[in-house]
*Asks:* 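Before anything else, here's the structure in question.
Each chain gets a letter, A, B and so on, in the order the sequences are listed, and its residues count up from 1.
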Amino acid sequence: MIGQDLSMSKIRVRFAPSPTGFLHIGGVRTALFNWLFARHSGGTFILRIEDTDKDRSTDEAIQVIMDGMKWTGLDWDEGPIRQTDRLEVYREKAMDLFHRGLAYWCVCTPEELEARRKEAQARGESIKYDGRCRNRALSEPTEPAALRFIAPQDGQTVIHDLIKGEIIFENNVLDDLIILRSNGYATYNFSVVVDDGLMNISHVIRGDDHVNNTPRQVPLFRALGFPVPKFAHLPMILGSDKARLSKRHGATSVLAYQEMGYLPEALVNYLVRLGWSHGDQEIFSIKEMVEHFDFKHVQSSAAVFNPEKLKWVNAQYLRKTEPREVAKALTPFLQKAGYDDAAIARIPGGVEALIPPLRERSETLVDFVDGAAPFLVESMTMDEAAATKHLTVAMAPTLKEFADLIEADSDFSKETLERILHGLIERQGLKMGKIAQPLRVALTGRTVSPGIYEVMALLGKDRTLQRVRASIERALAQA
RNA sequence: GGUCCCAUCGUCUAGGCUGGUCUAGGACGGCACCCUCUCAAGGUGCAGACACGGGUUCAAAUCCCGUUGGGAUCACCA
């Protein structure tokens with residue numbers, strides 16, 4: 001017992017999703033703040049799966065949650081612990097409460113309760129349980145019965161929330177909570193308390209929507225003999241219509257963001273700034289987040305999820321991450337788009353060479369795929385309107401001279417190309433734009449691309465020549 | 001309806017606890033200009049907010065009360 005205080009003071013937090021669907025953005029943010037706090041304080045981060053609703057929970061969903069956390073880099077130290085493996089524990093604790101006279105059997109049927117709630121509501125009264133089974137003292141009910149916890153009715157329950165400050169609830173609004181259903185399974189509010197208590201959770205960090213559960217859980221902690229953990233209730237994440245983030249707002253699963261071409265570090269960075277701040281800083285490395293994270297700077301009001309800013313953050317990461325790393329993340333996207341190894345091999349320098357010229361113009365990995373298209377194929381698709389405008393008969397001799405000059409030169413470096421192009425411009429008295437744009441269309445089939453020298457480098461000498469020659473023919477045919 | 005939470009530019013936020021340095025700062029987005037071989041990126045600049053009303057005080061974005069508005073929650077779901 002002497003060691004207990006020491007073990008109790010250790011910081012232990014948990015993320016406790018219910019596996020009824022995918023891991024959504026709000027869940028990731030909750031997990032992130034738990035993880036950050038644990039890492040910041042050298043504590044332990046536990047993953048607990050709240051799957052007591054057997055009808056709605058699936059193994060597949062558990063896997064998806066873990067995949068999502070792995071992708072975002074939120075590693076856990078203990079777990080996953082499944083509540084369905086612990087049903088006996090809850091039952092035992094519930095019966096313990098009953099034997100100590102802190103809980104009682106209730107034989108009111110769900111239908112009766114529902115009817116009474118409606119009546120009460122119609123009369124404008126409180127819809128809480130009227131307590132009619134409280135004094136029956138049923139020791140062994142013969143009909144189906146649920147076990148209710150005797151909630152304190154005097155005084156107040158005060159919660160010192162790390163984010164919202166002191167929250168006071170009058171105990172007379174507290175309901176006699178059902179802790180064991182008539183089918184013998186524990187309810188959410190009970191199993192959570194048993195688990196948090198048994199797992200020595202020091203800080204319960206969860207969504208705002210649980211604030212009203214807290215005064216119901218605190219007396220349970222006390223009745224069970226557990227120290228009451230500290231609480232931190234995170235503000236909600238809203239959609240652009242200020243309603244809770246949902247499927248209507250587009251992607252809500254984290255893995256959907258992976259598919260849309262976001263880097264996990266970027267998503268995490270965006271999410272950490274949604275409700276938390278460190279002065280004016282916008283971009284944080286994981287190390288910095290861990291170092292600076294605190295509840296003092298967690299916002300107490302809800303935040304609207306802004307996809308535009310997420311894109312901007314992602315673009316920042318695309319630019320600061322090593323090309324080799326970006327290339328690694330990009331490759332699966334290229335493959336999914338149908339570009340095989342042979343297509344990639346066409347680019348001198350491979351996927352990695354694609355990164356520097358394209359990343360200034362890409363906000364997501366998906367943007368790269370489109371931008372890279374002209375360089376991955378043998379003969380590209382020509383934008384007809386662009387060809388008509390830029391690949392004119394008048395332009396043909398200039399293009400031909402350029403082609404002849406680069407063909408004659410054994411070197412294909414940027415410096416050489418620059419010298420050739422500038423010489424051509426001077427001799428013909430042209431402006432750079434006059435020649436660069438037709439060249440761009442000839443080489444990429446588009447009016448928008450990286451700089452002309454970068455384009456030629458990504459194409460290589462052979463394809464450059466071949467495409468310029470092809471467009472000369474095309475230009476002459478326009479006559 | 002009861003209970004609880006929240007309220008600074010369109011959005012994310014700094015500042016608020018410890019009132020004066022805030023004619024309210026930064027970021028995304030918008031607009032303009034610069035740079036420029038296209039598009040971007042980058043640079044510079046502009047527009048843009050303390051919800052409202054009362055107090056307290058020499059002084060309030062900051063403290064107190066109220067109003068309004070938003071949200072959460074009231075299950076034998078989690």
*Asks:* Is A/Lys400 close enough and on-axis enough to A/Phe402, meaning under 6.0 Å and within 45°, for cation-pi?
*Replies:* no
*Asks:* Counting only side-chain heavy atoms from C-beta out, which of B/C12, B/G29, B/A78 sits nearest to A/Asn213?
*Replies:* B/A78
*Asks:* Would you mind telling me which of B/U13, B/A72, B/C39 lies closest to the side-chain atoms of A/Ala303?
*Replies:* B/U13
*Asks:* Considering only side-chain heavy atoms of A/Ser18, which listed nucleotide, B/C76, B/U38, B/A78, is closest?
*Replies:* B/A78
*Asks:* Just to be sure I understand the rule, does A/His210 reach a base, reach only the sugar-phosphate, or reach nothing, if contact means heavy atoms closer than 4.0 Å?
*Replies:* base
*Asks:* Please state how far atom CD1 in A/Ile178 lies from atom P in B/C74, giving the value in whole angstrom units.
*Replies:* 14 Å
*Asks:* Report which part of the nucleic acid A/Glu50 touches: base, sugar-phosphate, or nothing (heavy-atom distance under 4.0 Å, all strands).
*Replies:* sugar-phosphate
*Asks:* Roughly how many Å is it from OH in A/Tyr188 to P in B/C76, rounded to a whole number?
*Replies:* 16 Å
*Asks:* Considering every strand shown, what is the Watson-Crick or G-U wobble mate of B/U3 when both distances are under 3.5 Å?
*Replies:* B/A72
*Asks:* Categorize A/Pro235 for me: base, sugar-phosphate, or nothing, with a 4.0 angstrom heavy-atom threshold over every strand shown.
*Replies:* nothing
*Asks:* Is the distance from the ring center of A/Tyr262 to that of A/Tyr317 below 6.0 Å?
*Replies:* no
*Asks:* May I have the distance from A/Ile163 (atom CD1) to B/C17 (atom P), rounded to whole angstrom?
*Replies:* 20 Å
*Asks:* On the side chain of A/Ser182, is there an atom forming a donor-acceptor pair with the base of B/C76 - under 3.5 Å, no angle test?
*Replies:* yes
*Asks:* Between B/C9 and B/A61, how many Å separate the two C1' atoms, rounded to a whole number?
*Replies:* 14 Å
*Asks:* Regarding A/Cys108, tell me which of base, sugar-phosphate or nothing describes its non-hydrogen contacts under 4.0 Å with the strands shown.
*Replies:* base
*Asks:* The side chain of A/Gln299 lies closest to which of these nucleotides: B/C28, B/A14, B/C5?
*Replies:* B/A14
*Asks:* Looking only at side-chain atoms of A/Lys309, point me to the closest of B/C76, B/C37, B/A27.
*Replies:* B/A27
*Asks:* Check whether any side-chain N or O of A/Arg148 sits under 4.0 Å from OP1 or OP2 of B/A75, and answer yes or no.
*Replies:* no
*Asks:* According to the Watson-Crick and G-U wobble definitions, with both distances under 3.5 Å, which nucleotide is paired to B/U56?
*Replies:* none
*Asks:* Does A/Asp176 reach the main-chain N or O of A/Ile150 with its side chain, forming a donor-acceptor pair under 3.5 Å?
*Replies:* no
*Asks:* For B/U21, give its Watson-Crick or G-U wobble partner with both distances under 3.5 Å, or none.
*Replies:* none
*Asks:* Give a yes/no on whether any side-chain N or O of A/Arg244 is located under 4.0 angstrom from OP1 or OP2 of B/U73.
*Replies:* yes
*Asks:* When you measure from the side chain of A/Ser301, which nucleotide among B/C5, B/A7, B/C12 comes out closest?
*Replies:* B/A7
*Asks:* Which value, in whole Å, describes the distance between the P atoms of nucleotides B/A14 and B/G26?
*Replies:* 15 Å
*Asks:* Using a 4.0 Å heavy-atom cut-off across all strands, classify A/Tyr270 as base, sugar-phosphate, or nothing.
*Replies:* nothing
*Asks:* Pick base, sugar-phosphate or nothing for A/Arg446, based on heavy-atom distances below 4.0 Å to the nucleic acid.
*Replies:* nothing
*Asks:* Hey, is A/Arg82 close enough to A/Asp59 for a salt bridge, meaning N to O under 4.0 Å?
*Replies:* yes
*Asks:* Between B/C17 and B/C64, how far is it from one C1' atom to the other, in whole Å?
*Replies:* 15 Å
*Asks:* B/U11 phosphate, OP1 or OP2: any side-chain N/O from A/Lys242 under 4.0 angstrom?
*Replies:* yes
*Asks:* In whole Å, measure the gap between the C1' atoms of B/U56 and B/G20 for me.
*Replies:* 16 Å
*Asks:* For A/Thr52, report the nucleic acid contact type (base, sugar-phosphate, nothing); a contact means any heavy atom under 4.0 Å.
*Replies:* sugar-phosphate
*Asks:* Any N or O donor-acceptor pair linking the side chain of A/Glu360 to the base of B/G42 at under 3.5 Å?
*Replies:* no
*Asks:* When the P atoms of B/C50 and B/A7 are considered, how many whole Å apart are they?
*Replies:* 16 Å
*Asks:* Contact class for A/Ile452 (heavy atom, under 4.0 Å): base, sugar-phosphate, or nothing?
*Replies:* base
*Asks:* Salt bridge or not for A/Asp196 and A/Arg48, using N-O below 4.0 Å?
*Replies:* yes
*Asks:* Describe the nucleic acid contact of A/Gly275 in one word from base, sugar-phosphate, nothing, applying a heavy-atom distance below 4.0 Å.
*Replies:* sugar-phosphate
*Asks:* Would you classify A/Lys296 as touching base, sugar-phosphate or nothing, given that sugar-phosphate means primed atoms plus P, OP1 and OP2, and contacts are heavy atoms under 4.0 Å?
*Replies:* base
*Asks:* Classify the ring geometry between A/Phe293 and A/Phe295 as parallel (under 30°), tilted (30 to 60°) or perpendicular (over 60°).
*Replies:* perpendicular
*Asks:* Would you classify A/Ser277 as touching base, sugar-phosphate or nothing, given that sugar-phosphate means primed atoms plus P, OP1 and OP2, and contacts are heavy atoms under 4.0 Å?
*Replies:* sugar-phosphate
*Asks:* May I ask you to verify if any side-chain N or O of A/His297 is less than 4.0 angstrom from the OP1 or OP2 atom of B/G15?
*Replies:* yes
*Asks:* Tell me what A/Asp51 touches on the nucleic acid: a base, only sugar-phosphate, or nothing, going by heavy atoms under 4.0 Å.
*Replies:* nothing
*Asks:* Across the strands shown, which category fits A/Thr447 at heavy-atom distances under 4.0 angstrom: base, sugar-phosphate, nothing?
*Replies:* base
*Asks:* Counting only side-chain heavy atoms from C-beta out, which of B/A40, B/C76, B/A27 sits nearest to A/Arg117?
*Replies:* B/C76
*Asks:* Return the nearest nucleotide to the side chain of A/Arg181; candidates are B/C77, B/C12, B/C4.
*Replies:* B/C77
*Asks:* Compare the minimum distances between each of B/C5, B/A7, B/U11 and the side chain of A/Ile167, then state the nucleotide with the smallest one.
*Replies:* B/C5
*Asks:* Does B/G16 pair with anything, Watson-Crick or G-U wobble, both distances under 3.5 Å, and if so, with which nucleotide?
*Replies:* none
*Asks:* Within 45 degrees of the axis of the six-membered ring of A/Tyr185 and under 6.0 Å from its centre: does A/Arg91 put its NZ or CZ there?
*Replies:* yes
*Asks:* What's the gap between B/U11 and B/U23 when it is taken at their C1' atoms, as a whole Å value?
*Replies:* 25 Å
*Asks:* Measure from the ring center of A/Tyr270 to the ring center of A/Trp312 and say whether it is less than 6.0 Å.
*Replies:* no
*Asks:* Counting Watson-Crick and G-U wobble pairs only, both distances under 3.5 Å, name the nucleotide matched with B/A51, or none.
*Replies:* B/U67
*Asks:* Establish, with yes or no, whether the OP1 or OP2 oxygen of B/G42 is under 4.0 angstrom from a side-chain nitrogen or oxygen of A/Arg359.
*Replies:* no
*Asks:* A/Gly433 near the nucleic acid: base, sugar-phosphate alone, or nothing, with a heavy-atom cut-off under 4.0 Å?
*Replies:* sugar-phosphate
*Asks:* From C-beta outward on A/Lys164, which listed nucleotide comes closest to its side chain: B/U3, B/A78, B/C6?
*Replies:* B/C6
